[in-house]
There are 2 protein chains.
Amino acid sequence: MRSDGQRRATIKDVAEAAEVGVATVSRVLSGTGSASPATREKVLAAAARLDYRPSALGRNLRRQRTGGIGLLVPDITDIFYGRLADGVLACAQSAGEPVMIGTTGDDPEREAELIGTLIEESVERVIAVPSGDGEMWGPAFRAGLGVVFAERPVPGRENVPAVVTDDRTGVRTAVEYLAGLGHRRIAFLARHGQAQRVRAFREALAALGVPVDEELIVHAHATRDSAYAAAAGLLQHRSDLTAVLAGGNVLGEAAVLAARELDFRVPRDVSLIMFDDVPWAELCHPPLTVISQPAQDMGYRAAELVLREGRRSRTVTLPTELIVRGSCGPRR
Amino acid sequence: MRSDGQRRATIKDVAEAAEVGVATVSRVLSGTGSASPATREKVLAAAARLDYRPSALGRNLRRQRTGGIGLLVPDITDIFYGRLADGVLACAQSAGEPVMIGTTGDDPEREAELIGTLIEESVERVIAVPSGDGEMWGPAFRAGLGVVFAERPVPGRENVPAVVTDDRTGVRTAVEYLAGLGHRRIAFLARHGQAQRVRAFREALAALGVPVDEELIVHAHATRDSAYAAAAGLLQHRSDLTAVLAGGNVLGEAAVLAARELDFRVPRDVSLIMFDDVPWAELCHPPLTVISQPAQDMGYRAAELVLREGRRSRTVTLPTELIVRGSCGPRR
DNA sequence: ACTCCTCATGGAAACGATTCCATCATAGAT
DNA sequence: ATCTATGATGGAATCGTTTCCATGAGGAGT
């Protein structure tokens, strides 16, 4: 008996042990085709005895399809993407599909590299939060990958299925809520790549007859440092603002921190509202009013979409919800 | 030209296009062996023209090694594991290794399933935060996987390399700090699987001559609900306690929430300290005093360890750091 | 009893890459 | 001029699986 630890048993070993051909073993184990009960038994017994597991490598090579899905997110440390990933994993694992993950850091170049790796690995389905303008996706489509975008659509690729949040309604809800409290000087703290939300922000202000001050729209990169710098700059240089809308939890965190550091009292001196409902929003002082986004659902739906590649599927838009806590007050 | 979109180019296509044999193409592209400059050029040009990418499937099947590392964490939504995963990804991506991720939910059964999947996929290196007692790892070792445990060691498997935090020192630091403030009735809010920290807790108390009250040691599962229930139960039923040490950020969050809900003022009524330095610890009111753990380093080191499988490596223990903020005060 | 059909079965090809090995050409040495 | 050493090159085997196809056996229908 040399089955203990040296080499993984192959289908050939099972065939020998069961005294049948490899084709029969394959048929029995995959459930396709016919086999007599006696043979069936023998094969199953041999497979169990040898602790046999079919090699996905061999199978995939033969079948010319890998199964398995790739997942590309900017930053797994951002809880929003953590929850998105969790949703993807929940769906993928219940379907028995392995998931290959990569973090792009919102850098199109790293994204391109990761796409390349996925293609080499013959992964044929990808869920991605695209970086930059999403200009790196040519090779992926040329290679025939099934792609679903999450969180953000890509400007040039409207025909690619995507699962996004209803940015327009979300932003409008936030802006109307703030305007209802009397705020006019509302700042938007955005991440690069949130062009859609910025547009919605302008529209929402315009619809309310509030003039848009471009200097109140500030962009930051996805890092905590950049977010803090942007938030602090905003509060210092545009001190006539009375409310800040943060485009994501990292930006919101930075805003809270900057406000505290610069001695702005929330909500007395400045009202604060952010995208993403995160656990610490309740723990904050004061508790943060947020526009919640269904991050986990988003991941789950994206995974569903990418797994049923059959039907042509359009973009799915998920609703947001305003959760009022204590960080917004009337304009002073 | 049919190279546009239908089928991925194979090495054979490149060989034909360059008018050489497949062996030559392989040699040129992988850099092994010799080839004349002219041939070299022809092959490179053909490969570029056809947008050729070698299939990892074919290569791995032939080479009998997959490369790529598996990563098993309890919950990617927990920022501690998010940072751990980030560290793993940082190392793996810089080494060009794909990463397959799975979440176990701290459930040994799901863990076993995921291990099975990894074996089928011929992944040969795994970094895992083991669930339960880690009794499901037999098949993995039998299959010859290179395993590195992270965060927690597994009782029966001391010879498996692991990257863990210095629980003993971390806990002792926290307990000594609290004792220095006059606290005697110190509770420990632990997750299942933190046996090591519980042991350290008992030892630290004993070393200070403080009697150990077993009822002040409470266990919760890894979910937010379970953590909240445990924290609330602790505060309600053992109201003579004056300080709580939480074994992780989810537990700490639950403690803050429960304290607020039950009208315990922090730190006046109860002092609070938790493992994990997370961004919201500063945002909390009052800011939380924490024992920080180098989660990202942990992941990075684990990845390094699992990639240099060559040398036999022992367990790596990473230091913790006490970060004093405002959630601990003198005993009333 | 002969034919036909179905079912069980195993051999062999294919998937895409690497790598061993044999072949061939050319340059250098005698 | 002949022999040898070296480098370039391609054919073919191999990895583990699935699947096509051929074969053989056995039962049913005439």
Side-chain angles (χ1 to χ4, degrees), chain A residues 3 6-44 46-47 50-68 117 119-124 143-144, chain B residues 3 6-44 46-47 50-68 117 119-124 143-144:
Chain A
S3 79
Q6 296 305 46
R7 199 171 50 92
R8 259 177 71 184
T10 73
I11 199 173
K12 215 170 157 188
D13 299 323
V14 178
E16 275 175 29
E19 297 173 307
V20 298
V22 289
T24 305
V25 176
S26 176
R27 270 188 303 252
V28 169
L29 260 34
S30 65
T32 60
S34 53
S36 74
T39 313
R40 192 177 183 64
E41 190 101 1
K42 270 196 303 183
V43 169
L44 256 27
L50 295 183
D51 207 19
Y52 170 70
R53 283 180 165 282
S55 152
L57 253 51
R59 173 178 19 231
N60 292 338
L61 181 56
R62 169 63 217 233
R63 287 236 201 103
Q64 290 295 84
R65 63 191 157 89
T66 299
T117 304
I119 294 177
E120 283 196 9
E121 298 289 329
S122 295
V123 168
E124 55 186 4
Chain B
S3 80
Q6 296 304 45
R7 199 170 52 90
R8 260 178 69 186
T10 71
I11 198 173
K12 215 170 156 187
D13 299 323
V14 177
E16 277 174 30
E19 298 174 305
V20 298
V22 289
T24 305
V25 175
S26 175
R27 269 188 304 251
V28 168
L29 260 34
S30 66
T32 59
S34 52
S36 75
T39 313
R40 192 176 182 64
E41 189 103 0
K42 271 196 301 182
V43 170
L44 256 27
L50 295 182
D51 208 19
Y52 170 70
R53 282 181 164 283
S55 153
L57 253 52
R59 171 177 25 229
N60 292 337
L61 180 56
R62 169 62 217 241
R63 287 237 200 101
Q64 289 295 84
R65 64 191 156 89
T66 300
T117 303
I119 294 177
E120 283 195 8
E121 298 289 329
S122 295
V123 168
E124 56 187 3

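Keep in mind that what you see is a predicted model, and the values were worked out from it rather than measured. Below, read A as the first sequence line, B as the second, and so on, with proteins coming before strands; counting in each chain starts at 1.
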**Q** Looking at A:S36, I'd like to know whether one of its side-chain N or O atoms comes within less than 4.0 Å of OP1 or OP2 on C:dT9.
**A**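 Answer is yes, contact under 4.0 Å.
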
**Q** What pair of heavy atoms forms the shortest contact from B:I119 to B:A143, and how long is it?
**A**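 Scanning both residues, the minimum pair turns out to be CD1-CB, 3.8 Å.
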
**Q** Would you say a side-chain N or O of B:Q64 is under 4.0 Å from OP1 or OP2 of D:dT14?
**A**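 B:Q64 to D:dT14 OP1/OP2: no side-chain N or O under 4.0 Å.
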
**Q** Hey, does the side chain of A:R59 come within less than 4.0 Å of D:dT18's phosphate (OP1/OP2), counting only N and O?
**A**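 Indeed, a polar side-chain atom of A:R59 lies that close.
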
**Q** Which is true for A:R53 with a 4.0 Å heavy-atom rule: it touches a base, it touches only sugar-phosphate, or it touches nothing?
**A**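 Sugar-phosphate: the residue A:R53, judged by heavy atoms under 4.0 Å, touches backbone atoms but no base.
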
**Q** Please give, in whole Å, the distance from C:dT18 P to A:L61 CG?
**A**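 Value for this atom pair: 12 Å.
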
**Q** Grab the CG-P distance between B:N60 and C:dC15 for me, whole Å please.
**A**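 Computing the B:N60:CG to C:dC15:P distance gives 19 Å.
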
**Q** Nearest whole angstrom, please: distance from the P of C:dG11 to the CD1 of A:I11.
**A**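 In whole Å, C:dG11 P and A:I11 CD1 are 13 Å from each other.
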
**Q** So, is A:S55 close to the D:dT17 phosphate, meaning a side-chain N or O under 4.0 Å from OP1 or OP2?
**A**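 The answer is no; no side-chain N or O of A:S55 sits under 4.0 Å from OP1 or OP2.
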
**Q** Considering non-hydrogen atoms only, spot the tightest contact between B:G21 and B:A15 and give its length.
**A**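 Distance-wise, the nearest heavy atoms are C-CB, 3.8 Å.
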
**Q** Consider the side chain of B:T39, meaning its heavy atoms from C-beta on, and name the nucleotide among C:dC15, D:dT17, D:dA8 that approaches it most closely.
**A**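 Given the options C:dC15, D:dT17, D:dA8, the side chain of B:T39 is closest to D:dA8.
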
**Q** CD1 of B:I11 to CG of B:L50: how many Å apart, nearest 0.5 Å?
**A**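 Here the rounded value is 12.0 Å.
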
**Q** Using heavy atoms to find the nearest nucleotide of DNA chain D for A:R27 and A:T10 separately, return the residue whose nucleotide is more 5′.
**A**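 Mapping each residue to its closest nucleotide by heavy atoms, the 5'-most match is A:T10.
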
**Q** How far does OG of A:S122 sit from CZ of A:R65, to the nearest 0.5 angstrom?
**A**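 A:S122 OG to A:R65 CZ: 13.0 Å, rounded to 0.5 Å.
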
**Q** If you take atom types as modelled and just measure distance, does the side chain of B:R62 reach the base of D:dG16 with a donor-acceptor pair under 3.5 Å?
**A**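 No.
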
**Q** Under 4.0 Å, counting only non-hydrogen atoms across every strand here, what does B:R40 touch: a base, just sugar-phosphate, or nothing?
**A**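 B:R40: no heavy atom of the nucleic acid under 4.0 Å.
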
**Q** Hey, does A:L57 reach any base, or is it just sugar-phosphate, or nothing, if we go heavy atoms under 4.0 Å?
**A**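 Here A:L57 touches no strand at all.
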
**Q** Evaluate the criterion side chain to side chain contact (heavy atoms under 4.5 Å, CB included) for residue pair B:L44 and B:L29; output intermediate values, then yes/no.
**A** CA-CA 8 Å; B:L44 256 27; B:L29 260 34; 3.7 Å; yes

**Q** To the nearest Å, give me how far apart CZ (A:R63) and P (D:dC15) are.
**A**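 These atoms are roughly 21 Å apart.
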
**Q** Which whole-number value in Å describes the distance from A:R65 CZ to C:dG16 C1'?
**A**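 It is 17 Å, rounded to the nearest whole Å.
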
**Q** At a heavy-atom distance below 4.0 Å, what parts of residues 19-26 of chain B sit against DNA chain C?
**A**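 Here the set is B:A23, B:S26.
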
**Q** B:E41 CD to D:dT9 P: how many Å, rounded?
**A**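 The distance from CD of B:E41 to P of D:dT9 comes to 13 Å, rounded to the nearest Å.
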
**Q** Return the value, rounded to whole Å, for the distance between atom CD of A:E16 and atom P of D:dG16.
**A**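 Distance check: A:E16 CD to D:dG16 P gives 12 Å.
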
**Q** Using the side chain to side chain contact (heavy atoms under 4.5 Å, CB included) rule, take A:S55 and A:T10 through it: C-alpha gap first, then chi angles, then the decisive distance, then the call.
**A** CA-CA 8 Å; A:S55 152; A:T10 73; over 6 Å; no

**Q** Nearest 0.5 angstrom please: A:T66 OG1 to B:E121 CD, how far?
**A**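 Spacing of OG1 (A:T66) from CD (B:E121) equals 8.5 Å.
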
**Q** Mark yes when over 12 heavy atoms from residues, nucleotides or ligands other than B:R53 sit less than 6.0 Å from its CZ; otherwise mark no.
**A**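 It does: B:R53 CZ has more than 12 such atoms within range.
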
**Q** Quickly work out the B:E121 CD to D:dG16 P distance and round it to whole Å.
**A**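 Roughly 16 Å, once rounded to whole Å.
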
